[in-house]
Each structure stands twice: as C-alpha cells, then as structure tokens.
Amino acid sequence: MSVTYLEAIREAQAHLLREDDRVYLYGQDIAGKFGGAFKATKGLAEKFPGRVLNTPISEDAMVGTAIGAAMEGMRPIVEMQFADFSSIALNQILNNAGTQYWRTQQPCPITVRLPSGGTKGSGPFHSQSMEAIYSHYPGLVVMTPATVEDAYTMLIDAVAIDDPVIYCEHKYLYYHLKADALPKEKLPVGKARIVRPGRDLSIVTNSAMVHEALAVAQQLSGQGIEIEVVDLRTVKPLDTDTVLASVARTGRLLCVGETFPWGGVTAEVIARVSTEGFHLLDAAPARLNSKDTPIPYHPNLWETHRPNAKTIAAKARQILAE
Amino acid sequence: MSVTYLEAIREAQAHLLREDDRVYLYGQDIAGKFGGAFKATKGLAEKFPGRVLNTPISEDAMVGTAIGAAMEGMRPIVEMQFADFSSIALNQILNNAGTQYWRTQQPCPITVRLPSGGTKGSGPFHSQSMEAIYSHYPGLVVMTPATVEDAYTMLIDAVAIDDPVIYCEHKYLYYHLKADALPKEKLPVGKARIVRPGRDLSIVTNSAMVHEALAVAQQLSGQGIEIEVVDLRTVKPLDTDTVLASVARTGRLLCVGETFPWGGVTAEVIARVSTEGFHLLDAAPARLNSKDTPIPYHPNLWETHRPNAKTIAAKARQILAE
Amino acid sequence: MLQTETRAGAKTSKKEPPHERYLEAFRWMLQTRIFEEKLTSLYRGGLITGGVYVGRGQEAVSTACGLFLQKGDVFGPLIRDQAGRAAAGEPLLNVTRTYLGSRQGSMRGRDGNIHRGWPETGQIAMISHLGSLIPVVVGKLMAKRMKGEKGFVGLTTIGEGGMQTGATHEGMNIASVEKVPFVLVASNNHFAYSTPNERQFACARLVDRAQAYGYEGHEVDGTNLADCLEVIGGAVERARKGGPPQLVVASLLRLAGHGEHDDASYVPAEIKKEPWAQDCVLATEQLVLENGWLDAATLKQWRAEISAEIEKAVETAQREAGPVGSEEDWCALSTRELVDVAGE
Amino acid sequence: MLQTETRAGAKTSKKEPPHERYLEAFRWMLQTRIFEEKLTSLYRGGLITGGVYVGRGQEAVSTACGLFLQKGDVFGPLIRDQAGRAAAGEPLLNVTRTYLGSRQGSMRGRDGNIHRGWPETGQIAMISHLGSLIPVVVGKLMAKRMKGEKGFVGLTTIGEGGMQTGATHEGMNIASVEKVPFVLVASNNHFAYSTPNERQFACARLVDRAQAYGYEGHEVDGTNLADCLEVIGGAVERARKGGPPQLVVASLLRLAGHGEHDDASYVPAEIKKEPWAQDCVLATEQLVLENGWLDAATLKQWRAEISAEIEKAVETAQREAGPVGSEEDWCALSTRELVDVAGE
Ligand SMILES: Cc1ncc(C[n+]2csc(CCOP(=O)(O)OP(=O)(O)O)c2C)c(N)n1
Ligand SMILES: Cc1ncc(C[n+]2csc(CCOP(=O)(O)OP(=O)(O)O)c2C)c(N)n1
Ligand SMILES: [Mg+2]
Ligand SMILES: [Mg+2]
C-alpha cells in the first residue's frame, strides 16, 4: 500500500476529526460526496457528520468565522480552493488572526490550508505561492511541507499549535509524490531538514523545489559534485541554525524558491546567512526564483517561468566555478 | 513661504488636475470642504468640480473602478484613507492591476496613494508600511518618497507612468517635513539618491527612516565616522547600481526599514548586495527593521517598535567595530 | 426613511416608564454622556494619546444593544458603543485605563481605546477594518452551537458606511446560511466620517438589505429610547428564540465629530432640524422628569454618583504606569518556541 | 423562485417568432452548443491544456447578454458566456486559438481560455476572483461619462455563488452610487461548483438583492429564449435610456460539470425535472421547427455552416505555433525602463 501527498493531507484531517472534537473543516465544495476541488476531504463529510461544512464563496467570512470559533476553543481548518483566492481573506488573516494574540493575549488557533504552486495550464490565478506575503506579517506560522510525511505530520502539528498557521500544500506534489506508509515519527515544528548531505554547495529551498534540487544533486553527484539540500519545511519560523550549519560545511549557498523574487523566501534566507554567517561564505550566495511576471497558463511558458532542474544545475555550476 | 510634505502632495494633485483632463481623484472623504482625513485634497473639489469624488467604504471597488477607468484612458488617483485599509483592495491591486498589462498588453495606469507608516498613538491598523507586500508581486511600481521634493515630483511621475503605481506617503513626514519651495527639477524614476556622502558605512533606507539615518550620520560625523546615506526613493524598481556603488565606496552596509523584518525592503537590498556585490563587502551586512509584532498604540511601545536614531547608531557602531 | 416596522407606540403613561428597563437604560446613557464629555476634556487637555471617538447621540441605540445580552452571549461593539459596552458589563475603569494608556487596561497599551475588548462579558476586541467583526461573531455562535450551548445570541453593530464593505456582505450572508442567532444593529447616523448617505449607498431604505439576506428587518428612531428598547430588545429576543438573523436600522445623527479631532463643519444646518437629529439623552431626561418617572433629586444624585465613579477611575488610571518598551514582551505568538526573531 | 416580473408571455404565433432577434439568437446558441461540444471532445482527446468550462444550458441567457450590446458598450463576460462573447463579436478563431494554446490568441498563451478578453468589442479579460469584474465595468462606464460619451451601457454576468463575494457587493453598490448605466445578469444555475443554493445564500429570492442596492430587479426563466431576449434586452434598454442599474436573475440548471473534468454526480436526479432544468437549445430548436419559423433544411444548413467554420478555426489554430519560453518577453510592466530583474 502507498500514500500520496494528497492522501496524507486527507488522512491527517481524518485523524484530527477522529481524535479532537474541537476540529472541523470549513471550505468551498469540501463536503458531500464531492470532497473538495482536489478531493482532499473526500469521504470525510459522511464519516464526520456536521463537521465538514461547505461555505458560500466568501473567503473573508470563511476565515472570519474560523477566528471567532477559535476564540471559543475550536480548531477550525479552513480550505481555500486555491491559495490564490486567499487574497480575499488576507485582511482577516493578517490583521485579525495575526494580531489577535498580541493584542488580547487570547490565542487564535486556526489553520488555513492553501493549495499552492504551479501546475501545467493553471495560469495566473490558480498557481500562486503566497508564503512570502504571509511570513512578512507578524503573528503567523507558515508551513510548506515538501514530502508525504511532512504533509501528514505538519498538518497535525498545525492544528495543535495555539497560533494561526498558514499551511501551504503544493498542488504539483498531490499525485506525483508517494510514500510507502504514513510516518511514525516527525521532526519538531520549525526545524529544517537536511534532505541530502553534501560538501560543495548548500541548496536551501522549500516545497516542490526541494525535489528539483534533489534531482540536480543526484545528477551532479555523478560528476563528483556533492550538493547538500536543505528543506526549510516551515518558512516562518525559519530555521536559520540548520541553514548556517549547512553553509558552514559547504561554504556556498544557493537559495531556490517558487515565489516571485522580490522579498521572497530566498531573499530572507540570503539576508539571514549574509548577516549572521557572512564569514562562512566562500563565495557570493545566489538565488533562483520564479520570474517577476504573473504565472503563465501555457505549459511552454510555465516551464520557463519557474526554476527547474536545468536552471538550478546551471546556477549551481556557476557558483562552484567561482 | 515654505511647503510641507503634505502640501507638496496636495500641490502635485492640483497640478495634475490642472494639466491633465485624464486625472481624477477617488477616495473616502476627499471631496467637499473636508478634503480628506489628512487634508491632502483640501480645496481641490471646489477648484475641480466633478473630478474629486467621495467613495463608499469599499476599497476593493474603489480600485476596481480605477482599473476600469484606466483601461478607458483615464489616470485615476485613488486615496486609501490609511495604507492599512488597502488590504481590502489588495486583490484588485495585485491580481487585477498588476497582471493587466502582462495578460492583455493593455497598460493599467492607476496610482494608489497609501498614507503609510507609524505615528504616535495610531496603533496596529493605522500605522502599517506595506511596500514589501506590493513589491513582492509582479506588475507594480512602488514609490516611497522621503522628502518634500520627492513627494511632489514622484506623485507627478506616478501618474505619468503607464503602469500601476503604489505611492507610499509617510504620515509622520506630513507636517514634520518642510521645504522652501516646490522643486524645479527631479531625479529620474527608479533612481536612488545619495542623501549624504560618506566613507565608512552605507546606510541604505527609505521613507521616514531616511531622516533617522541622517540624524545618526550627523551625530557620528562629529566622532570622525562618515556615514553615507542612500535613499532608495522607489523600492520597486530598486536601484541596485547606486546601492552597489555606495557599498563599493564604504565596504560596509546597514539597511534600515520601517516594515516588518521577514522579507522586508532590507532583506531584498541585502540579498541583492550579497549576491551581486559580495566582494565589495568588508564586513557582514546588517539590517534593522520594526519588530515582528503588530504596531503598538502606546507611544512608549511604538518608539521601541520601530528603528530610531538611537538603535541605528548602536547598530552602526557595532558594524564599524567589526 | 423613518417609518418603523416594529415600533413601541411609546405609551408615556404618567405612572410608569414605557419599558421595564427604561430607567436602567437611561442611567447607562447618562453615565456614557458624562464619561465621554470627561474623555473629551482630557483629550483637549492633551492627556489622551490616540483618538477619542464618542457615541454622542447614539446612546439610546447603543445602550439597547448591550442591555439585553446575558452571560454566554456574544457582543461585538464598535466605535460608538461606549454605552453598550458599559450596559453589557465593561467596568468604567477598564475604558479609562485604555484611554489613559495604563498598562493595566485590557489592551495593555498595545492597542487603544475603541479597539479594546472585554472577554469577561463576551466583548470582542474589534479591528479597524469595518465589517470584519461580523463573521467573527458568527463564528463564535457556530462554535457555541457545536459545543452544545443553548439560548445564546450574538449582536454586533455597524454604521451605514460600514455596511458598504465586502466584509459586511459576506458576514451577513454567512450568518443566515449558518442559521445562527444573530442580530446586526446598524446606525445610520447620516455621516461616514464626512461622507453623506448619497455617496455611500443608493437604495431607498437600508433596511431593504434585510430581505436580501433572509433577515427580519426593523427600522427605529434611534433617538427614542422606548422604541430602541422595544425594537432592539425584541430583535435579540426573536434571535434567541430561534428566529432568523435580525437587522435593525436606526436613524439618528452623529452629534459630534467623527472623532474629537473633527469639528464636523461639513454637517449642514438643515439636517439638525430632522426629528431623528435630536439629542436622545436630553430628550429622555426631559421625558423622565416631565412624567415623574424620576424626581429631580434622584437624578441629581445619579449625576453625582456617576461623576464620582468617573473621577475615581481617572485618578486610579492616571496613577498607573504605562507600558515600557524595554520591559515589553515583544512576542506575536503564544507559542514562544516558534517565535522567529531576525532583522529586528 | 420562478415567478418572473417582466415576462414576455411568449406569444408563439404561427407566423413569426416571439422576438425580432429570436432566430439570430438561436443561431448563436446553436453555434455555441456545437462549438463547446467540439471543445469537450478536444479536451477528452487531451488536445487542450488547462480547463474547459462550458455554458451548456445557459446559451439563451448568455446570448441575450451579448446580443443587445453595441459599439462603445462595455461587456464583462464570465466563464459560462461563450454564447454571449460570440454574439457580442468575438470571432470563433480567437476562442479556438486560446484553447489550443496558439500564440496568436488574444492572451498569447499567457492566460487561458475563459479568461480571455476581446477589446475590439469591449470584452474585458476577467480575472478568476469572482465579483472583481463588476467594479471594472463600473469604472469603464464612469470614464466614458467623464469623456463625454453618450448612449453606452455596461453589462456583466455572475453566478449565484459569485453573488456572495464581497467584491460583488461593493461593485453593485458603487454602480448605483455612481449612477452608471449598468446591467448585472445573474444566472442561478443552482450549483456553485458542487455547492447547492442552501449553502450559498438564505434569502427567499436572489432578485431581492436588487432593492437592497437601488436596482430594478427582474426574474426570468433562463431556458426560455423569448423571455431572456425580452427581459435582458429590456434591462439593457432601460439602463441605456438612463434608468437605474438593472439586476436580472435567471433560473436554470448547469447541464454540464463545473468544468469538463467534473462529472457533476452530485446533482440530484429530482432537480433535473424542474421546468427551468430543460435544455434551452433543444427547447428552442423544437419551438422553431414546430412553428415553422425555420424549416428543417435551413436548420440543417446552419449546422453545416457552423461545423465548417469550427473545423476551419480548429485547423488554423492547430497549425499555429504555441509560445516559446526562451523567446517570450518576460516583462510585467509596459514601461520597460522600470523593469527590475533580480533573483529570477
Ligand atoms: C475597511 C475600512 N475602510 C476605511 C476605514 C476608515 N474609517 C474608520 S471609521 C470610518 C467611517 C465609518 O462610517 P460609518 O460606518 O457610518 O460609522 P460611523 O463612524 O458613522 O459611526 C472610516 C471610513 C475603516 N475603518 N475600514
Ligand atoms: C473569490 C473566488 N473564490 C473561489 C473561486 C473558485 N471558483 C471558481 S468558479 C466557482 C463556482 C462559481 O459558482 P457560480 O458563481 O454559481 O458560477 P457557476 O460556475 O455556477 O456559473 C468557484 C468557487 C473563485 N473563482 N473566486
Ligand atoms: Mg455613519
Ligand atoms: Mg452557479
């Protein structure tokens, strides 16, 4: 038996609904036989009557009600149909959920699931990676699971955390990624993972880009180049220590992200390494992001818009040549 | 006669209304005798009948109508009552205005004025600096004028530009800042300015923080330390060349910003300098931002929340000690 | 605009007031008026940081909003709701502390004044963005139902300007989709800051919004205390008894500036002659005395008691220290180990 | 839900059709049906990237939306509006190019399919976020008035689900505040993706939203072409003549999945028996033949002409190259000197 990244998300929600009465799911088209635009809640409405609820097309109100319910001790999980539509809920997320604890000392334990990232033919409004925007504002935890195991354990972590969590699940990984079984153990929240040890260059990345980086690492390994791949797992908090330790080993840093370039995850990582680990760097750090244009619909364009194994490998060689 | 930063913004709008039929002003409470929450449009409604319009409390629709009008060849200037309320218009700004040209090749020349930044007693929802969020997404020009002269010329530039411009005016500078007269010439759009030449350290900053940095530079100058202060003026595009040239002179970099730390303007500047100018740096670059909490209402807290001359000076000394 | 669907045909009997809680309500109105006048003078004296936003002219509506709420109910007061907050149980000392920046106020100097909440009696700490409170109240009601609580109701308020935000629309709609016991009291005080109704909406009557969401709608003269108690109290009762969501639209005039920094010179003289432009506190006081529901001596004593309480609160709050930046706990998360400080 | 305020009491005279543009409209419906069936088969054959969203069952309403627009008018079509787009002047070749990813389509491969615009006839390129088109249409109308244009009107469409977004509320309200000649045609096809009405709104009739914004409201059976032409054509006329904004709510059933990837198995069998659940294309065709407004031979010829045009468009588009990443102009600003590339 094997589990996909998507199934792991469904199983985590099933587990949470089973184990914790405070949990309910709230989103567009998640209930009934239908079970969500991506089937992430398939079968859950029947199994947990009254706890998997369809909503009107009202992202602001969806998150607003979750905040209210969380104040009353519930643990709502809100599904955005696509991360891109969370722009409508952004005010409630940043200004209400994100400020709640600091203003009132009352925690606001909501989880917002954002089906994120690009896939072929999805275009400008069904492909966005919004982790940078949510990390910029105070008061939120922002997760970007890159593996089946993390998809499962981090969603369970997200609901356990007493603060608002933005859980960015990557649509490209939904079916592509498989594991043999659900995980038995997990890393602590906020800890990055060394996915592959290396010697010559640290590639620090998150979400779907972890797999592009791994492909490059395997490929270059054949040519005597050993790349260390760091999966940030959560981008806020960001595990600077693990990143610095990796750069200390390799002396070289390439940050890869799928968000837009300006102020993206890669900018924050490079800012931290150069301010806190300047002397660990034997060469200029580098970054690679999606292009600074809307995300194209046509596959030919989309494949050029985001970083991929080819562009990452080229960049890696360039850094190693310095 | 002298002109304040706020008057410069009003004069720029008067000039635009006078010179360009395509221009109209759209915002809450900007019309009538009232002339806006900060009086930035005082007197303009009477002088330009039908071209200074009050709107309902509907930020999304305010920007949405501006986008439509711009498609028809108009040059709307939308005033947000406070930058913080632009969160409601964020979807129209990022996903509609910001994608318009790339998707359709039809330019979208709207200007959105954001009264930004902290002042005493304004609290979490009347103090935000949102330039990082708007710079992260493609398709927008983001300006943060720091002087009376720039407030005037950059607003005129903003309306002339065929693309959407987010014009972040700092409320703290409205009355504090005075010039003898309106400027006769201007720097090109997108060009940073060396506000004060120096030798030992480059402080790269924007908006109100430019003046905190200048105070520090003057103060330390007495002690034989010469700080170069760079005012970015626009944060997108960001004038990397001028910043690199400054760092080439001083070898040391401190970035100061009023936004929240994660992925803020300072992160982007440091990412650019360390990737493109690594070898220019004699010491680790550093950054100073507001704290990663909501902006406090009480003056005692507010003064600690944002960078100020004292904290900047301390940080500068620290860098110079390396 | 003024016809009232459920109106209390205010029977001004010589014997007793037109509503059993009339005098109690009047006292909250009086306390609020005296208190807010004190705040204004403190503000003018430069003793208050941040803005002062008063509910002058809206005391009757606001009192009625707070008066009928019980333990376990949810209240989402807005910027004109000092009277309702007090009637619903927030101590004067807490307001005073918040305005005077005492570290002991419920917001501890982190957020100010009208944004304060009072969880003890279910009062939510609003954010500025108008309409955002509505879904939060709805969510609390959904949670209470899920937890098996019974007999509760949620009430929040909005202005005619705030009704034009997308948040209000989504919130009003989701309340009726979720069938929660919800009351929205909208005060059309004819100005949103400086903006008059004609630049805010173009429907004949705001109460027509009720039908658009499957609410029961009621109009009321916001300057008539008896009507406010009857209509708002009635709406709370209907929602509590399982009725659909309730929309009450009160007509009145904001009798102050938007905030104390605003001289409201944009308010035309004519509008002040409208029946609903009268001062509800003065009007009620007059009725009370004329009908002998209260004698002058008792009223005098009320004023004295109120003033004494206010003075005491102000003295206390002024003696208390404000927050100190260097001692502050700069931590936006309740989960300390997840706090991530870099670049501050 | 079905009573119609302005209804055309469809007079099916033996001599001529019930509306002077009835047959013209029917041809657009027919073209759309045949074209969308072609798109579906191309999609099933894996020849289309991205989704295919059809307007099956909504051809009568959509055609009526496009048919009465003239040069200088503004049209904001949505995802079910192939018929309206065609009737308003978008060439079949452009749609085909967009779906088949030709670089020569109006979106040049940058955005897809239903998001396309056609500026030549005032058709705006929608973004996905439902409701966002409304204020854009309003803004165009404001601009036309400022520029002194006359006699224009703006029309956009929405679903019953999209009506629950804050953007729709703010947009509808600002249209009446700005008094622009605006028509909003809402199709209640009883599902928003998989979500039925009862989880979308709780008002008795969606047309009650009209009064809430100062609109004139009309209900129509979306499967009756004569009624759609009468009611929607009438609304366009009233707005053009200076009437208030118009809201038309059509009842019908989405006769396909939300997109072609969706089997719509969640649609209960009973609902398909509703009168407004009938297939408007078949129903119209039947009426046309029964009443002899068109003879079978002509209809046959129409089908042949339409199919030929479609085949030609598909062939052309399939011969055309798609965009190429390395040759693409990666530039989100029209002002090239302000493009700021770092970190890509
Ligand atoms: C979304 C949003 N936009 C703008 C503001 C700024 N603002 C604060 S109060 C106010 C006027 C509110 O008018 P109304 O809703 O009628 O309430 P009133 O002040 O009359 O009681 C405005 C525009 C805000 N708080 N929220
Ligand atoms: C703000 C927003 N949230 C979510 C979506 C995703 N979405 C696309 S179509 C759709 C259903 C729309 O239903 P309706 O408005 O009734 O139109 P219909 O598809 O029935 O024609 C949803 C939820 C969206 N486009 N915009
Ligand atoms: Mg008002
Ligand atoms: Mg629908």
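Computed from a predicted model, the values in this text were never measured in an experiment. So you know, we letter chains A, B, ... as the sequences are listed, proteins then strands, and number each from 1.
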When [options] are compared by non-hydrogen pairs under 4.5 Å with chain A, the top option:
| options | answer |
| --- | --- |
| D:Gly109, D:Ala332, D:Gly161 | D:Gly109 |
| D:Gly131, D:Pro323, D:Ala192, D:Ser132 | D:Pro323 |
| D:Pro196, D:Gly325, D:Ser194, D:Gly50 | D:Ser194 |

Portion of [X] that has a non-hydrogen atom of chain D nearer than 4.5 angstrom:
| X | answer |
| --- | --- |
| A:Ile295 | backbone |
| A:Ser290 | backbone |
| A:Ala267 | neither |
| A:Glu59 | neither |

Less than 4.5 Å apart, side chain to side chain, heavy atoms only: is that true for A:Tyr297 and D:His115?
no

Within a strict 4.5 Å, meaning less than it, do heavy atoms of the A:Ile88 and D:His129 side chains meet?
yes

Rounded to the nearest 0.5 Å, how far apart are CD of D:Glu327 and CG of A:Leu301?
10.5 Å

Could you state the interatomic distance from NZ (A:Lys33) to OG (D:Ser265), rounded to the nearest 0.5 Å?
6.0 Å

Kindly say whether [Y] contributes a backbone atom to a donor-acceptor pair with the side chain of [X] at under 3.5 angstrom?
| X | Y | answer |
| --- | --- | --- |
| A:Asp29 | D:Thr195 | yes |
| A:Asp292 | D:Val341 | no |
| D:Glu344 | A:Pro261 | no |
| A:Thr293 | D:Trp330 | no |

Derivation and outcome, side chain to side chain contact (heavy atoms under 4.5 Å, CB included), residues A:Phe34 and D:Asp262
CA-CA 10 Å; A:Phe34 190 65; D:Asp262 170 26; 4.0 Å; yes

Which heavy atom of [X] sits nearest a heavy atom of [Y], and at what distance?
| X | Y | answer |
| --- | --- | --- |
| D:Gly343 | A:Arg287 | CA-NE, 3.5 Å |
| D:Gly322 | A:His298 | CA-NE2, 4.2 Å |
| A:His126 | D:Ser128 | CE1-OG, 3.0 Å |

Under 4.5 Å from a heavy atom of chain A, the part of [X] involved:
| X | answer |
| --- | --- |
| D:Thr98 | backbone |
| D:Arg108 | backbone |
| D:Gln200 | both |
| D:Asp340 | both |
| D:Ile127 | both |
| D:Val324 | backbone |

Among the options A:Gly121, A:Pro294, A:Pro124, A:Gly123, pick out the one with the most heavy-atom pairs lying under 4.5 Å from chain D.
A:Pro124

I need the residue from A:Asn300, A:Asn289, A:Thr55, A:Thr311 with the largest number of non-hydrogen atom pairs under 4.5 Å to chain D.
A:Asn289

Does atom NZ of A:Lys120 have more than 12 heavy-atom neighbours from other groups under 6.0 Å away?
no

